[in-house]
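Inspection log for the structure reproduced underneath, given as structure tokens.
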Number of protein chains: 4
Amino acid sequence: MTDTGSTRVRRGDTRQRIRDVALRLFAAHGYEKTSLREIAEEIGVTKAALYYHFKTKEDILVAIHDDFTGPIDELIAWGREQPRTVETAREILRRYSLALEDASDLFRFMQENAAVIRDLSLHERFKERSRVIARLISPPGAPLEERVRAVAALYTMHAGVFAIAQHLDEEVGSEERRLAVLRVAEEMVVRAAEKCGREAARTDGPDTGGSGSGGRGPAPG
Amino acid sequence: MTDTGSTRVRRGDTRQRIRDVALRLFAAHGYEKTSLREIAEEIGVTKAALYYHFKTKEDILVAIHDDFTGPIDELIAWGREQPRTVETAREILRRYSLALEDASDLFRFMQENAAVIRDLSLHERFKERSRVIARLISPPGAPLEERVRAVAALYTMHAGVFAIAQHLDEEVGSEERRLAVLRVAEEMVVRAAEKCGREAARTDGPDTGGSGSGGRGPAPG
Amino acid sequence: MTDTGSTRVRRGDTRQRIRDVALRLFAAHGYEKTSLREIAEEIGVTKAALYYHFKTKEDILVAIHDDFTGPIDELIAWGREQPRTVETAREILRRYSLALEDASDLFRFMQENAAVIRDLSLHERFKERSRVIARLISPPGAPLEERVRAVAALYTMHAGVFAIAQHLDEEVGSEERRLAVLRVAEEMVVRAAEKCGREAARTDGPDTGGSGSGGRGPAPG
Amino acid sequence: MTDTGSTRVRRGDTRQRIRDVALRLFAAHGYEKTSLREIAEEIGVTKAALYYHFKTKEDILVAIHDDFTGPIDELIAWGREQPRTVETAREILRRYSLALEDASDLFRFMQENAAVIRDLSLHERFKERSRVIARLISPPGAPLEERVRAVAALYTMHAGVFAIAQHLDEEVGSEERRLAVLRVAEEMVVRAAEKCGREAARTDGPDTGGSGSGGRGPAPG
DNA sequence: CATGAATGAGTCTTCATTCAT
DNA sequence: TATGAATGAAGACTCATTCAT
């Protein structure tokens with residue numbers, strides 16, 4: 001066995017630990033209010049060590065961001081090749097819901113620090129992805145209300161991972177909450193399709209979603 | 001005639017100008033990234049002058065906040081005395097929509113700086129008001145999904161004043177956008193009531209709302 | 001009588017003291033090696049106080065520089081209006097010698113920190129003035145050797161205020177040294193004129209100049 | 001045949017490359033402003049590698065310095081054994097001019113970083129050599145003006161390799177410039193001797209220098 | 001012969017805040 | 001009603017240097 005770091009410091013994983021701690025602190029107190037000193041101290045290294053691994057504070061954030069965009073990019077790639085049906089839209093929402101849950105800290109951070117992020121290089125990359133997904137759900141030339149509904153569905157899901165959760169301070173399981181939010185979002189886009197008379201397959205309930213990625217097993221009626 | 005500031009600076013209204021400029025800068029670049037120096041410079045006074053009018057930086061924010069809560073408080077008071085019908089819920093949304101539009105900078109700011117605001121005294125006051133309105137729409141003991149829908153409707157409207165607008169980069173009038181968002185939000189709570197079998201009055205359209213606060217004239221079909 | 005600062009700090013003159021101390025330290029240890037902390041400590045204020053008076057470290061240097069350029073600019077202005085005779089050139093050298101002596105710390109600094117200064121905004125301004133004076137002495141289209149002589153004369157004088165002085169560690173009075181250097185420089189330009197056959201007035205020796213601004217007494221008309 | 005670096009980096013010559021790159025950067029931006037990171041990056045090794053070859057940053061500079069002092073030391077040795085005639089002085093200048101040209105980057109660096117170098121161990125060694133050469137040209141007990149002339153001649157040559165060159169932005173070949181500067185310097189010491197009535201050999205032109213080190217062939221009349 | 005990882009001291013600079021005037 | 005002058009604390013970042021591997 002190699003010397004498994006009894007020597008006071010988990011070796012090698014510093015870079016990853018910086019990302020982890022930074023995300024937690026950024027999400028908790030905001031990007032500007034989190035100092036590199038705090039991050040370094042919590043990890044147990046010096047500020048200078050952070051600069052060995054990342055060129056700037058913003059760079060840490062970028063690295064965190066890019067850590068989580070893989071699933072989203074796959075979702076976009078998948079979405080582009082599907083037919084533009086309501087069922088596709090629903091499946092996108094289901095998958096997006098899962099991706100969101102995995103990266104909930106990051107999304108919460110992006111949402112709650114939007115004002116500051118606007119001045120960062122990150123901003124454009126993030127915004128673009130958001131826009132693309134919205135377009136995947138609501139066809140480019142769709143009527144205003146349908147497009148609003150699509151974006152609203154997305155934001156509902158974003159809010160679902162933290163803001164809405166705060167309003168539900170009772171004992172609501174996180175998976176239960178996720179599914180409830182998902183169902184609401186799904187319905188929004190289904191409604192949009194109905195109203196605008198698209199090639200809506202049956203849309204009575206969120207039943208068909210059974211295809212699975214929306215969750216394990218059928219959602220309770 | 002009133003002394004129309006021959007001296008290049010409107011005298012007397014400094015306090016108000018501080019609030020205005022501060023809100024604009026806070027909303028644009030975030031609370032932490034906006035320095036008192038910037039505010040003072042833009043107004044044309046010294047930093048010290050800000051301290052004549054406000055005790056701390058946070059105080060400026062509190063003053064701004066309180067400037068805009070009047071209408072919301074009235075809405076809450078009004079809501080408390082209404083019967084808990086779907087129609088009431090819709091009317092609350094309509095009025096909330098208008099209040100939001102008037103205080104859009106502030107709401108945008110609160111939303112986009114949530115992470116930083118969490119550490120401020122303001123936070124609780126703001127959060128509570130939000131919670132109360134949500135409760136006005138979805139009865140305390142309502143089923144999970146209905147409550148989610150209520151909160152989602154509220155967030156949809158919050159997002160409507162800026163985030164959604166960004167996705168609608170075409171030439172959509174701001175009033176047109178507001179009404180579209182409002183309609184989507186209304187439908188969310190109506191749907192909730194239907195599903196949960198409340199004493200839903202007719203919900204076909206946002207017609208009854210004629211009481212007026214939802215907008216001028218009937219919304220286009 | 002007003003309270004004449006028994007209160008520990010000479011009031012009002014902070015800005016000037018910053019310039020003085022900064023120049024001394026810059027000249028002694030170099031621009032890069034002199035930290036704002038050192039300057040502040042020596043004056044007895046905080047680093048932040050420096051930033052109340054100057055926007056950046058470079059700004060302090062610029063202010064110092066501009067303090068001393070007045071006489072040089074006057075010299076240039078005067079020179080431009082004189083006939084381009086050898087006598088004018090000699091008078092320029094004499095006046096330049098005096099200006100140099102007054103600003104010797106600055107010139108020494110500029111000379112000994114040239115490498116660093118090259119990256120500063122100051123550089124161009126300084127270089128240009130240097131060039132102009134050289135041109136005043138050696139006519140634009142003069143033969144190579146004459147121009148070299150003019151520049152060399154200038155550099156000899158620059159070096160005279162410190163580098164040459166170091167080689168003369170015996171007891172040579174500073175005024176004695178200045179005049180010796182000046183005489184050498186004068187001769188260089190006189191020789192140049194002789195060789196190139198300009199309208200040299202008598203150039204046998206640096207005698208006539210004696211009365212001039214190179215020492216005490218009125219400059220020749 | 002020699003292993004001509006198939007591996008992208010000339011191996012073995014790292015030490016030399018450090019010296020080269022360091023001198024170039026030191027001369028360009030100054031000693032303090034040039035970081036070991038820059039040097040290492042430009043070479044394509046890590047900072048730590050520099051420390052394999054040199055003990056400190058200052059050590060790199062010392063090594064560079066010592067690289068170039070050989071010719072100067074030889075010149076000094078030669079000079080010491082010559083009779084103290086004007087002709088000797090001229091020959092010293094001629095040889096010095098050539099040595100200077102070979103080590104122009106270093107001399108430029110020493111001149112333009114004098115303020116910083118003063119705090120380095122190098123300083124004394126360098127200054128001493130300078131002093132010795134000056135003494136070789138102007139006899140120990142010579143009158144003030146003669147000594148000033150000697151030092152000025154030396155500084156003129158130093159300045160000649162860069163500062164004067166800058167004033168001559170036209171197309172003046174570097175050899176042409178060197179010779180012009182040399183001629184001016186020579187004349188300074190010749191004049192000194194004339195005035196002070198030393199055993200001046202003929203001084204009409206820089207002809208006798210034929211020994212060659214002053215340049216190839218007779219200088220143009 | 002070199003690197004990966006890290007450090008401690010220090011850099012310039014900005015900030016919210018204070019207070020005598 | 002304001003300002004001029006200043007401060008203490010902190011910020012992000014860089015540097016020369018070290019050392020185990």
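In the text below, chain A, chain B and the rest are named by the order of the sequence lines, each starting its count at 1. Because the structure is predicted, anything quoted here is derived from the model rather than measured. Any value given below was found using the heavy atoms of this structure, including those in side chains, with hydrogens, waters and symmetry copies removed.
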Please identify each residue that fulfils ring pair (Phe, Tyr, Trp, His ring centres under 6.0 Å) with A:Tyr31, with sequence neighbours left out.
-> A:Phe26
For A:Ala22 and A:Ile39, the nearest pair of non-hydrogen atoms, with its separation, is CB-CD1, 3.8 Å
Side chains of [X] and [Y], heavy atoms from C-beta outward: is any pair under 4.5 Å?
X        : Y        : value
C:His65  : C:Thr69  : yes
D:Phe109 : D:Ile64  : no
A:Phe68  : A:Leu23  : yes
A:Gln111 : B:Glu112 : no
B:Val116 : A:His29  : no
D:Lys33  : C:Asp119 : yes

Separation of atom [atom1] in [X] from atom [atom2] in [N], rounded to whole Å:
X       : N      : atom1 : atom2 : answer
B:Ile18 : F:dT1  : CD1   : P     : 11 Å
D:Arg17 : E:dA2  : CZ    : P     : 10 Å
A:Leu50 : F:dG11 : CG    : P     : 13 Å
D:Glu32 : E:dT11 : CD    : P     : 11 Å
C:Asp13 : F:dA5  : CG    : P     : 11 Å

Pairwise distance CZ(C:Arg108) to CG(C:Leu106) - rounded to 0.5 angstrom = 12.0 Å
When rounded to the nearest 0.5 angstrom, what is the spacing between NZ in A:Lys57 and CG in A:Leu50?
-> 11.0 Å
Once Watson-Crick and G-U wobble pairs under 3.5 Å are found, how is DNA chain F written in dot-bracket notation, 5' to 3', with | for any base paired to another strand?
-> .||||||||||||||||||||
Is the phosphate of [N] approached by [X] (side-chain N or O, under 4.0 Å from OP1 or OP2)?
X       : N     : value
A:His53 : E:dA6 : yes
A:Tyr52 : E:dA6 : no
B:Thr14 : F:dT1 : no

Comparing nearest nucleotides in DNA chain F, the 5'-proximal residue of the pair C:Thr46, A:Thr56 is C:Thr46
5'-most contact on DNA chain E: B:Glu58 or A:Ala49, nearest heavy atom basis?
-> A:Ala49
When the nearest nucleotide of DNA chain E is assigned to C:Lys55 and to C:Lys33 on a heavy-atom basis, which residue is associated with the more 5' position?
-> C:Lys33
Pairs touching residues 40-49 of chain D that satisfy side chain to side chain donor-acceptor pair (under 3.5 Å), sequence neighbours left out | D:Arg24-D:Glu42
Might you list the N or O atoms of the protein lying below 3.5 Å from N or O atoms in nucleotides 19-21 of chain E, with each pair's distance?
none

Residues from residues 35-42 of chain C sitting under 4.0 Å of DNA chain E, heavy atoms only?
-> C:Ser35, C:Leu36, C:Arg37
Side-chain donor/acceptor of D:Lys47 to base of F:dT17, under 3.5 Å | yes
Donor-acceptor pairs are to be reported for all side-chain atoms of residues 121-128 of chain D against protein atoms at under 3.5 Å, with residues two or more places apart or in another chain.
from     : atom 1 : to      : atom 2 : distance (Å)
D:Ser121 : OG     : D:Glu58 : OE2    : 3.1
D:Arg125 : NH1    : D:Asp66 : OD1    : 3.0
D:Arg125 : NH1    : D:Asp66 : OD2    : 3.2

